[in-house]
**Student:** 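Here's a structure for you.
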Amino acid sequence: GLRDLLMNHGMAEGGLELSDVLNILAKGGVLVDVRTPREYEAGHAPGSRLINPKELIADPFTAVYGDDPLAEPDPHFVLVCDTGFRSGHLVDRVREKGYTCDFLASGLRAWRAGGEILFLGRHAAADTSPPRRIVGRPLTETAPTAGLDLSPCQNPHNEHRPLTNR
């Protein structure tokens, strides 16, 4: 269990510094958050993808990209958690599957200490609440709507209402 892991493995070594992680992300790397949904909601790095560690170990590419046809064929995954402990112990498991993978040393503690921002809120795939605000031009009768899904959204109280700019 977790106690055994803590007692026998300690903190993983070989994590990257924040500046190196930011360079990888600027070149198309993917920031993979391996924390729980509750931890993610409390604050996550912009653009990070919340991925269940078991799914990541089973099939890293599918866990991160699903069936996205525009997925990078040779991704560089950068794992992150609060301290670097969990992500550091997962990195070799992802590498064993043939992927380039690193982790942020000291995790989101290093992210915050480096002055980077965190977003609050739910993982987009888990968020079923209607949008609070739509950025950009409002939908009107003259606005192009081809290909847009204008069906009603469902809010957490199971009340149906149309998508609006409010």
Side-chain angles (χ1 to χ4, degrees), residues 1-136 153 155-157:
L2 180 60
R3 182 182 176 134
D4 180 56
L5 184 66
L6 291 170
M7 299 299 287
N8 295 322
H9 296 287
M11 190 61 87
E13 295 182 12
L16 299 178
E17 297 299 318
L18 179 61
S19 59
D20 296 324
V21 167
L22 294 174
N23 283 331
I24 291 168
L25 297 178
K27 295 176 183 174
V30 181
L31 192 60
V32 177
D33 195 318
V34 296
R35 300 175 303 150
T36 66
R38 180 173 282 176
E39 290 172 305
Y40 184 90
E41 290 171 15
H44 56 274
S48 63
R49 298 173 186 229
L50 177 63
I51 305 296
N52 180 301
K54 289 180 182 179
E55 293 174 15
L56 183 68
I57 291 169
D59 184 353
F61 191 86
T62 301
V64 173
Y65 290 114
D67 59 0
D68 183 354
L70 302 176
E72 179 68 35
D74 187 25
H76 188 159
F77 298 128
V78 179
L79 309 184
V80 66
C81 63
D82 284 323
T83 64
F85 182 82
R86 287 175 280 183
S87 55
H89 287 289
L90 288 169
V91 75
D92 284 335
R93 305 284 297 275
V94 175
R95 288 176 181 161
E96 289 170 3
K97 300 283 185 174
Y99 294 97
T100 304
C101 188
D102 289 293
F103 74 101
L104 175 58
S106 299
L108 289 177
R109 289 183 181 180
W111 188 270
R112 288 187 299 267
E116 298 298 323
I117 64 168
L118 293 176
F119 288 151
L120 301 177
R122 300 180 73 178
H123 178 50
D127 192 356
T128 59
S129 60
R132 290 183 200 96
R133 180 159 182 81
I134 298 173
V135 178
C153 295
N155 71 18
H157 305 293

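This is a predicted model, so every value here is computed, not measured.
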**Student:** Which pairs, with at least one residue in residues 55-80 and sequence neighbours excluded, count as a salt bridge (Lys or Arg N to Asp or Glu O under 4.0 Å)?
**Tutor:** none
**Student:** I'd like to check Val21 versus Asp102 (side-chain heavy atoms, cut-off strictly below 4.5 Å). Are they in contact?
**Tutor:** no
**Student:** Which atoms form the tightest heavy-atom contact between Val64 and Leu56, and what is the distance?
**Tutor:** CG2-CD1, 4.1 Å
**Student:** Who are the salt bridge (charged side-chain N to carboxylate O under 4.0 Å, His left out) partners of Arg93, not counting sequence neighbours?
**Tutor:** none
**Student:** Minimum heavy-atom separation for Cys81 to Arg86, with atom names?
**Tutor:** SG-N, 3.5 Å
**Student:** Which residues satisfy the salt bridge (charged side-chain N to carboxylate O under 4.0 Å, His left out) test with Asp92, sequence neighbours excluded?
**Tutor:** Arg95
**Student:** Quick one: which residue pairs count as a ring-ring contact (aromatic ring centres under 6.0 Å, His included) with a foot in residues 58-83, not counting sequence neighbours?
**Tutor:** Phe61-Tyr65, Phe77-Tyr99
**Student:** Going by the rule ring pair (Phe, Tyr, Trp, His ring centres under 6.0 Å), which residues pair with Phe103 if we only count those two or more places apart in sequence or in a different chain?
**Tutor:** none
**Student:** Where do Leu79 and Cys101 land on the side-chain contact (heavy atoms from CB on, under 4.5 Å) test, with the steps shown first?
**Tutor:** CA-CA 7 Å; Leu79 309 184; Cys101 188; 3.6 Å; yes
**Student:** Please set out all donor-acceptor pairs under 3.5 angstrom arising from side-chain atoms of residues 24-37, sequence neighbours excluded.
**Tutor:**
unit_1	atom_1	unit_2	atom_2	d
Asp33	OD1	Arg35	N	3.0
Asp33	OD1	Arg35	NE	2.9
Asp33	OD2	Arg35	NE	3.2
Asp33	OD2	Arg35	NH2	2.8
Arg35	NH1	Glu39	O	3.2
Arg35	NH1	Gly43	O	3.4
Arg35	NH1	Asp82	OD1	3.1
Arg35	NH2	Gly43	O	2.7
Thr36	OG1	Glu39	N	3.2
Thr36	OG1	Glu39	OE1	3.1

**Student:** Check residues 107-120 and write down every donor-acceptor pair under 3.5 Å in which the side-chain atom is one partner and the other belongs to a residue at least two apart or another chain.
**Tutor:**
unit_1	atom_1	unit_2	atom_2	d
Trp111	NE1	Ile117	O	2.8

**Student:** Can you name the closest pair of heavy atoms from Leu90 and Pro53 and give their distance?
**Tutor:** CD1-CB, 3.8 Å
